[in-house]
Asker: 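Before I ask anything, let me first share the structure, which is written out below as structure tokens.
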2 protein chains.
Amino acid sequence: MNDDGPVAACPIGPVVDIVFSRWTTPILLTLHNDGRLRFVELHRRIGGVTAKVLTDRLRRLERDGLVTRTYFAEVPPRAEYEITELGRSLSPVFASLAAWQSEHLGEVEAARGRFEA
Amino acid sequence: MNDDGPVAACPIGPVVDIVFSRWTTPILLTLHNDGRLRFVELHRRIGGVTAKVLTDRLRRLERDGLVTRTYFAEVPPRAEYEITELGRSLSPVFASLAAWQSEHLGEVEAARGRFEA
DNA sequence: CTGTATCCATCTAGATACTG
DNA sequence: CAGTATCTAGATGGATACAG
């Protein structure tokens, strides 16, 4: 949550809150690249996150309309997650981040090296 | 910090950590738009953040080469912060976020409304 | 003015156990 | 399998006081 304060200082606050909460980018990218996945499979591919936290993030993404959840009350039960059109529309954002990173991450690392001294 | 786990799931982890820690976007945007500013002025324009936290973020941005700090040991002292070329290179990233937000934030809010029901 | 030092409230996430 | 419930540890941020 970006605090209030002069909203003018951060007009992109809302989208940052929606997209860059922890674990949301790997979730969205995985669903974007790998298509519809059930819970365990998504969990396995992301790694490092607990079921509780993954569930929380997925609920939030579902609430925001970026992901859909389809539940099958079978035995054993099955839940499938899929990215929505709205979620897919974030593609250009992720592309611009990837582009910046591949072009400039080296400079950041160099700056960090200099900063040690 | 995006945990480890399969890095493949989040290739943009590093840039997300660099750019989307709390308060970093308003800091970068303010310095981008308003030019070189001294500490108090920056503090005032952002609002809602304490001096301690603002200092922390600025140090981190300085370390990463996105911002420069120039200190004048006068009485009273003066410190001026300015965005670097590297920091300015984030422009397209912010532009893509702003574009997405203006196009799709309404859909997110609609989804949230639906989710209540 | 430009911070730092300290302490504390809060929030998040992780571990673990358990249910339908 | 797909979660939920509970508890706790650690990180983060805020309040406050103080220093150079």
Asker: Closest heavy-atom contact between B:Y81 and B:L31?
Answerer: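 So the minimum-distance heavy-atom pair works out to O-CD2, 3.6 Å.
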Asker: Without decimals, in angstroms, what is the distance between B:I46 CD1 and D:dG13 P?
Answerer: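 These atoms are roughly 13 Å apart.
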Asker: I'd like to know if B:E62 pairs up with B:R60 as an ion pair, taking the criterion as any Lys NZ or Arg NE/NH1/NH2 lying under 4.0 Å from an Asp or Glu carboxylate oxygen.
Answerer: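 No, no charged N to carboxylate O under 4.0 Å.
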Asker: It should be established whether A:R38 places a side-chain nitrogen or oxygen under 4.0 Å from OP1 or OP2 of nucleotide D:dC1.
Answerer: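 False: A:R38 side-chain N/O out of range (4.0 Å or more) of D:dC1 OP1/OP2.
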Asker: Check whether any side-chain heavy atom of B:R112 sits under 4.5 Å from a side-chain heavy atom of A:D64, and report yes or no.
Answerer: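 B:R112 reaches A:D64 side chain to side chain.
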Asker: Between C1' on D:dG3 and NE2 on A:H43, what's the gap in Å once rounded to a whole number?
Answerer: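 My rounded result for the distance is 11 Å.
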Asker: To the nearest Å, give me how far apart CZ (B:F20) and P (D:dT12) are.
Answerer: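 So the CZ-P distance, B:F20 to D:dT12, works out to 18 Å.
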Asker: Whole angstroms only, please: what is the CG-P distance between B:L42 and C:dC1?
Answerer: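 Going from B:L42 (CG) to C:dC1 (P), I get 14 Å.
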Asker: Got a salt bridge between A:E41 and A:R38, using NZ or NE/NH1/NH2 to carboxylate O under 4.0 Å?
Answerer: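 Salt bridge absent between A:E41 and A:R38.
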Asker: Could you state the CD1-C1' distance from B:I27 to D:dG13, rounded to the nearest angstrom?
Answerer: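 Rounded to the whole Å, the gap is 13 Å.
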Asker: Near B:E85 CD, under 6.0 Å, is it more than 12 heavy atoms from other residues, nucleotides or ligands?
Answerer: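 It does not: B:E85 CD has 12 such atoms or fewer within range.
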Asker: Rounded to whole Å, please give me the gap between CZ in A:R57 and P in C:dC11.
Answerer: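 From A:R57 CZ to C:dC11 P: 14 Å.
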Asker: So which nucleotide from D:dG14, C:dA15, C:dC1 ends up closest to the side chain of B:T50?
Answerer: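 Looking only at heavy atoms from C-beta outward on B:T50, the closest nucleotide is D:dG14.
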Asker: Report the end-to-end axis angle of the helix from C:dC1-D:dG20 to C:dG20-D:dC1; each axis comes from five terminal pairs, and the value is rounded to 10°.
Answerer: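 Nearest ten degrees gives 40° for this helix.
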Asker: Any N/O pairs under 3.5 Å between the protein and nucleotides 3-7 of chain C? List them or say none.
Answerer:
residue : atom : partner : partner atom : Å
C:dG3   : OP1  : B:R59   : NH2          : 3.2
C:dG3   : OP1  : B:R69   : NE           : 3.2
C:dG3   : OP1  : B:R69   : NH2          : 2.5
C:dG3   : OP2  : B:Y81   : OH           : 2.9

Asker: For the backbone of A:V49 and the side chain of A:H43, can you confirm whether one donor and one acceptor N or O come within less than 3.5 Å of each other?
Answerer: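 Yes.
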Asker: For B:R60 and D:dT12, what is the distance between atoms CZ and C1' respectively, to the nearest whole Å?
Answerer: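 Distance, rounded to whole Å: 12 Å.
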Asker: How would you list, by chain and number, every residue that makes a side chain to side chain contact (heavy atoms under 4.5 Å, CB included) with A:N33, sequence neighbours excluded?
Answerer: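 By the side chain to side chain contact (heavy atoms under 4.5 Å, CB included) rule, A:N33 matches A:L29.
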Asker: Considering the options A:Q101, A:E103, A:E107, which one meets the side chain to side chain contact (heavy atoms under 4.5 Å, CB included) requirement together with A:L105?
Answerer: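 Among A:Q101, A:E103, A:E107, the one meeting side chain to side chain contact (heavy atoms under 4.5 Å, CB included) with A:L105 is A:Q101.
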Asker: C:dC11 phosphate, OP1 or OP2: any side-chain N/O from A:R22 under 4.0 angstrom?
Answerer: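 False: A:R22 side-chain N/O out of range (4.0 Å or more) of C:dC11 OP1/OP2.
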Asker: Would you call B:R78 and B:E80 a salt bridge, using N to O less than 4.0 angstrom?
Answerer: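 A salt bridge is present here (some side-chain N lies under 4.0 Å from a carboxylate O).
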